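The structure under discussion appears below in the form of structure tokens.
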Amino acid sequence: MNIVLLGAPGAGKGTQAAKLVEEQGLCHISTGDILRAAVKDQTPLGVKAKGFMDAGELVPDDLIIDLMKERMEQPDTDKGVILDGFPRTTTQAVALDSMLSELGRPLDAALLIDVDSEVIVTRLTSRRMCRECGNIGSAADGETCLKCGGEMYQRDDDNEETVRNRLDVYDKSTAPLIDYYHGKDLLVKIDGDRDPQVVFTDVVSALGL
Ligand code: AMP
């Protein structure tokens, strides 16, 4: 099964993807995670991407498409993928269609996790992430990861100004993908403003898992 996760930053795509990986054994590909690792390691990609990421802007399509072409060719994608944070523009969506058709793997669904923007601002400015295992938590959970004991930190782009810019970028560049996938009869919409486990129950039933 190959799934695209759609939704504004902070809608809960990462959380739902982690649950799908745990229960269905799919391969989770998050372009945001790959880029953050590249920035941390100061690779050529990371050096090029950092300024865009810190400002809440999208990294240019050609860099992202090259990175995804390479990632999709790795053998762990054979069992099916959950794409989290890709595609984010129509150009990326068209490139994904060609990648999947070259690999002979159809897209099964584009799952939209729908959450109101003001809820997102509150969620993201209090979001924390584990430096060690990438677990997603909240400022209210304290400074230690509840899963692995690692240090929880706030992402550089989770401050309010950058979050509002990321939401504008989402509306302008990524929201048109909702119509794109609706037109292909692949769109599945889920209300994401509920407890993550309740959202997951809907995700599982909407995907027929
Ligand atoms: P995320 O973790 O998905 O919120 O991504 C964090 C940041 O990485 C975004 O704000 C963008 O700057 C960059 N990014 C991640 N995925 C993409 C993508 N598919 N296209 C362009 N930029 C991306």
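Everything numeric here is computed off the predicted structure, so don't read it as measured data. Below, each value reflects all heavy atoms present in this structure, side chains not excepted, and no hydrogens, waters or symmetry copies. Order of appearance sets the numbers: ligands from 1, and atoms from 1 within every ligand.
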Requested in this report: Just need the protein heavy atom nearest to atom 14 (N) of ligand 1, so name the residue and atom and give the distance.
Outcome: Leu35 CD1, 3.5 Å
Query raised in the report: Can we say Asp157 and Arg127 salt-bridge, meaning some charged N sits less than 4.0 Å from an Asp/Glu carboxylate O?
Result: no
Query raised in the report: Do Lys19 and Gln197 have side-chain atoms, one donor and one acceptor, less than 3.5 Å apart?
Result: yes
Query - Salt bridge present between Arg164 and Glu160 (N-O < 4.0 angstrom) - result: yes
Query raised in the report: Looking at atom 16 (N) of ligand 1, what's its closest protein heavy atom, distance included?
Result: Thr31 OG1, 2.8 Å
Query - Charged N-O contact under 4.0 Å between Arg128 and Asp158 - result: no
Query raised in the report: Please state which protein non-hydrogen atom is closest to atom 22 (N) of ligand 1 and give its distance, to 0.1 Å?
Result: Val59 N, 3.0 Å
Query - N or O pair under 3.5 Å between Asp33 and ligand 1 - result: no
Query raised in the report: For atom 12 (O) of ligand 1, what is the nearest protein heavy atom, given as residue, atom name and distance?
Result: Glu57 O, 2.6 Å
Report summary line: At under 4.0 Å between heavy atoms, what of Arg155 touches ligand 1? The answer is side chain
Report task. Check for a donor-acceptor pair, side chain of Asp193 on one end and backbone N or O of Val115 on the other, with a separation under 3.5 Å. Result -> no
Requested in this report: Please report which non-hydrogen protein atom sits nearest to atom 15 (C) of ligand 1, along with the residue it belongs to and the distance in Å to one decimal place.
Outcome: Arg88 NH1, 3.3 Å
Report summary line: To atom 8 (O) of ligand 1, the nearest of Lys50, Gln92, Met53 on a heavy-atom basis is Met53
Query raised in the report: Where is the nearest protein heavy atom to atom 19 (N) of ligand 1: which residue, which atom, and how far?
Result: Gly85 O, 2.8 Å
Query raised in the report: Salt bridge or not for Arg166 and Glu161, using N-O below 4.0 Å?
Result: no
Query raised in the report: Should Arg36 be listed as contacting ligand 1, given a heavy-atom distance under 4.0 Å as the test?
Result: yes
Requested in this report: Could you check Asp97, Thr174, Asp61 and say which one makes a side chain to side chain donor-acceptor pair (under 3.5 Å) with Gln92?
Outcome: Asp61
Query raised in the report: Using heavy atoms and a threshold below 4.0 Å, how should the contact between Ile64 and ligand 1 be classified: side chain, backbone, both, or neither?
Result: side chain
Query raised in the report: Is the shortest distance from a Lys or Arg side-chain nitrogen in Lys172 or Asp168 to a carboxylate oxygen in the other one below 4.0 Å?
Result: no
